[in-house]
Trainee: 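Okay, here's the structure, questions in a sec.
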Amino acid sequence: MKISDPGDVSYFRKDSLIDKEIYYREMDKLLTKQAEEQAEVKLPQGVPSNPVYLPAPHEVLTALYTAFTTPPKRSNEPWFHESLGHSIQVIAWGFFWSMVFGLPLGILAGTYESASRVIEPFTEFFRYLPAPAFGALAVAILGIYDAPKIAIIFIGTFFQMVLITANTTRKLNMALIEASLTLGCKGLSLIRRVIIPGILPDLYRDMRILLGWAWTYLIVAELIGTSSGITWFITQQARYKNFDNVFAAILIIGIIGLVTDLVLARIGKRLFPWHGSH
């Protein structure tokens, strides 16, 4: 029901949309009060109104622009571009720390059988645990702001990164390793001079795929602790019934992900021109 007159219901507001069940429940309360106490009450007035959950395509396209130019409802709320920038920072830091720890462990597991026996069973177990399940623990340890959100992105990509990197490392042509061993290259020198340069093109492609994986954890991650970033914007716009802005924000996430991947693919062609697929 779209409220035209809130009457004596304190939390009704003019032009707000209220579920019919709640509307008629409040009506019954006021009528009961009027009958039992012989008190004069002012009943709310409203008309049936269905919110538009699927706005027209041109409205969503318009919202892609107006979302950036429309100021927030309250002065203390962030602009849309600020929310988007905050989300990108969370993704960047979470994925950065995932690479810092995941890549070395994956290369070690793929190079040495002994390291694989230690690292991969542990990783295989934890990769099946849903990252959002660690949300409450992350908040308890890291607080309610950005740290637990970054932790969820990290957890969601780290274990997959270790296994994928190990698998990519094992695909390296054994002839290169045998030749380097024959020439006396071994240990860390083997990893630095032969293995890493040999797997780098495939590893770069794997990181592009995993970065897309990190974006899929963003919405859940930003709901942990204090809501923030693009998720906060989507939640607020849904609360205000601005579903054109909701769909626009979802589209922008997809557009950013696609453009990022295309840019990284183009960079990959420049970095590894000898490699067929990027």
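From a predicted model like this one, the values you see are computed outputs, not experimental measurements. Numbers here are sequence positions counted from 1.
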Trainee: For the CG atom of Asn242 and the CD atom of Glu59, what is their distance to the nearest 0.5 Å?
Mentor: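 So the CG of Asn242 and the CD of Glu59 are separated by 11.0 Å.
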Trainee: Using side-chain contact (heavy atoms from CB on, under 4.5 Å), reason through Ile253 and Ile256 one step at a time and then give a plain yes or no.
Mentor: CA-CA 5 Å; Ile253 292 175; Ile256 290 176; 6.0 Å; no
Trainee: Applying the 4.5 Å side-chain criterion to the ILVMFWY set and letting contacts propagate, would Phe154 and Leu163 be lumped into a single cluster?
Mentor: no
Trainee: Report yes if some heavy atom in the side chain of Ile91 is under 4.5 Å from a heavy atom in the side chain of Tyr217; otherwise report no.
Mentor: no
Trainee: Under 4.5 Å between any side-chain heavy atoms of Val9 and Leu30, yes or no?
Mentor: yes
Trainee: Would you find more than 12 non-hydrogen atoms of other residues, nucleotides or ligands less than 6.0 Å from Trp93 atom CH2?
Mentor: no
Trainee: What distance do Leu264 atom CG and Thr260 atom OG1 have between them, rounded to the nearest 0.5 Å?
Mentor: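 Leu264 atom CG to Thr260 atom OG1 measures 6.5 Å (nearest 0.5 Å).
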Trainee: Any non-hydrogen side-chain atom of Thr169 less than 4.5 Å from a side-chain atom of Leu108?
Mentor: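 They are not in side-chain contact.
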Trainee: Thinking salt bridges, do Asp28 and Arg25 make one under a 4.0 Å N-O criterion?
Mentor: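 Salt bridge flag = no for Arg25 with Asp28.
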Trainee: To the nearest 0.5 Å, tell me how far Leu203 CG sits from Leu210 CG.
Mentor: 9.5 Å
Trainee: Determine the minimum heavy-atom distance between Ala214 and Phe95, stating which atoms define it.
Mentor: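 Closest heavy-atom pair between Ala214 and Phe95: CB-CD1, 4.2 Å.
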Trainee: Taking Val100 as the starting point, is it possible to reach Ile155 by hopping between hydrophobic residues whose side chains are less than 4.5 Å apart?
Mentor: yes
Trainee: Would you confirm whether the ring centroid of Phe122 sits within less than 6.0 angstrom of the ring centroid of Phe126?
Mentor: yes
Trainee: Please give me the minimum heavy-atom distance between Ala238 and Val246, naming the atom from each residue.
Mentor: N-CG2, 3.7 Å
Trainee: Minimum heavy-atom separation for Pro44 and Tyr23, please, with both atom names.
Mentor: O-OH, 3.2 Å
Trainee: Any heavy-atom pair between the side chains of Leu262 and Arg266 that's under 4.5 Å?
Mentor: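 No. Closest side-chain heavy atoms not under 4.5 Å.
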Trainee: Stepwise, does the side-chain contact (heavy atoms from CB on, under 4.5 Å) test hold for Leu129 with Phe159?
Mentor: CA-CA 10 Å; Leu129 302 182; Phe159 300 106; over 6 Å; no
Trainee: Quick one: does Phe80's side chain get under 4.5 Å of Thr69's, heavy atoms only?
Mentor: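 Heavy-atom side-chain distance check fails, nothing below 4.5 Å.
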Trainee: Indicate the atoms forming the closest heavy-atom contact of Val194 with Leu172, along with that distance.
Mentor: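 Scanning both residues completely, I find the closest heavy atoms to be O-CD2, 4.3 Å.
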Trainee: The criterion is side-chain contact (heavy atoms from CB on, under 4.5 Å); which residues satisfy it with Ile224, sequence neighbours excluded?
Mentor: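 Here the qualifying residues are Val139, Pro148, Ile152.
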Trainee: Over all heavy atoms of both residues, which pair between Leu218 and Ser87 is shortest? Give the atoms and the distance, please.
Mentor: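 For Leu218 versus Ser87, the nearest heavy atoms are CD2-CB, 3.9 Å.
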Trainee: How far apart are the C-alpha atoms of Val162 and Arg127, what are their side-chain angles, what is the distance that settles it, and do they pass the side-chain contact (heavy atoms from CB on, under 4.5 Å) test?
Mentor: CA-CA 10 Å; Val162 171; Arg127 78 185 179 102; over 6 Å; no
Trainee: Let me check something: do Val220 and Leu211 share a hydrophobic cluster, defined by ILVMFWY side-chain heavy atoms less than 4.5 Å apart, either directly or through other members?
Mentor: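 Different clusters.
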Trainee: Shortest non-hydrogen contact from Pro6 to Arg13?
Mentor: CB-N, 4.4 Å
Trainee: Is the shortest side-chain heavy-atom distance between Pro78 and Trp232 below 4.5 Å?
Mentor: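 Yes - at least one pair of side-chain heavy atoms lies under 4.5 Å apart.
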Trainee: Using a 6.0 Å cut-off, check whether atom OH of Tyr145 has over 12 heavy atoms from anything other than its own residue.
Mentor: no
Trainee: Kindly check if the number of other-residue, nucleotide or ligand heavy atoms within 6.0 Å of OH (Tyr11) is above 12?
Mentor: yes
Trainee: Between Ser116 and Tyr112, is there a donor-acceptor pair closer than 3.5 Å when you use the side chain of the first and the backbone of the second?
Mentor: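 Pair absent, no side-chain N/O of Ser116 close to backbone of Tyr112.
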Trainee: Hydrophobic cluster membership, with links at side-chain heavy-atom distances under 4.5 Å among I/L/V/M/F/W/Y: are Ile219 and Ile150 in one?
Mentor: yes
Trainee: The test is side-chain hydrogen bond (donor to acceptor under 3.5 Å, both in side chains); show your working for Thr168 and Asp202 and say whether it passes.
Mentor: CA-CA 7 Å; Thr168 297; Asp202 289 328; over 6 Å; no
Trainee: Answer yes or no: is there a side-chain heavy-atom contact under 4.5 Å between Leu84 and Phe68?
Mentor: yes
Trainee: Drop me the distance from Lys149's NZ to Thr231's OG1, to the nearest 0.5 angstrom.
Mentor: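 It is 8.0 Å, given to the nearest 0.5 Å.
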Trainee: Is there a side-chain contact between Ile164 and Asn167 in this structure, where contact means two heavy atoms from C-beta onward sitting under 4.5 Å apart?
Mentor: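 No - every pair of side-chain heavy atoms lies 4.5 Å or more apart.
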Trainee: Donor-acceptor pair, Thr216 side chain versus Trp213 backbone, under 3.5 Å?
Mentor: yes
Trainee: Could you measure the distance from the CZ atom of Phe158 to the CG atom of Leu103? Nearest 0.5 Å is fine.
Mentor: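 It is 10.0 Å, given to the nearest 0.5 Å.
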Trainee: Is there a donor-acceptor contact under 3.5 Å from the side chain of Ser4 to the main chain of Gln45?
Mentor: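 A pair under 3.5 Å: yes.
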Trainee: Between Glu36 and Lys33, does any NZ, NE, NH1 or NH2 come within less than 4.0 Å of an OD or OE carboxylate oxygen?
Mentor: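 Salt bridge between Lys33 and Glu36, a charged N being under 4.0 Å from a carboxylate O: no.
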Trainee: Calculate, to the nearest 0.5 Å, the distance between atoms CE and OG belonging to Met207 and Ser98 respectively.
Mentor: 7.5 Å
Trainee: Assess whether a salt bridge exists between Lys42 and Asp5, defined as any Lys/Arg side-chain N lying under 4.0 Å from an Asp/Glu carboxylate O.
Mentor: yes
Trainee: Say whether Ile250 and Tyr65 are linked into one hydrophobic cluster, either directly or through other cluster members, by side-chain heavy-atom distances under 4.5 angstrom.
Mentor: no
Trainee: Begin with the C-alpha distance, continue with both residues' side-chain angles, and end with the deciding distance and a verdict on side-chain hydrogen bond (donor to acceptor under 3.5 Å, both in side chains) for Gln237 and Asn245.
Mentor: CA-CA 6 Å; Gln237 294 305 309; Asn245 285 340; 2.8 Å; yes
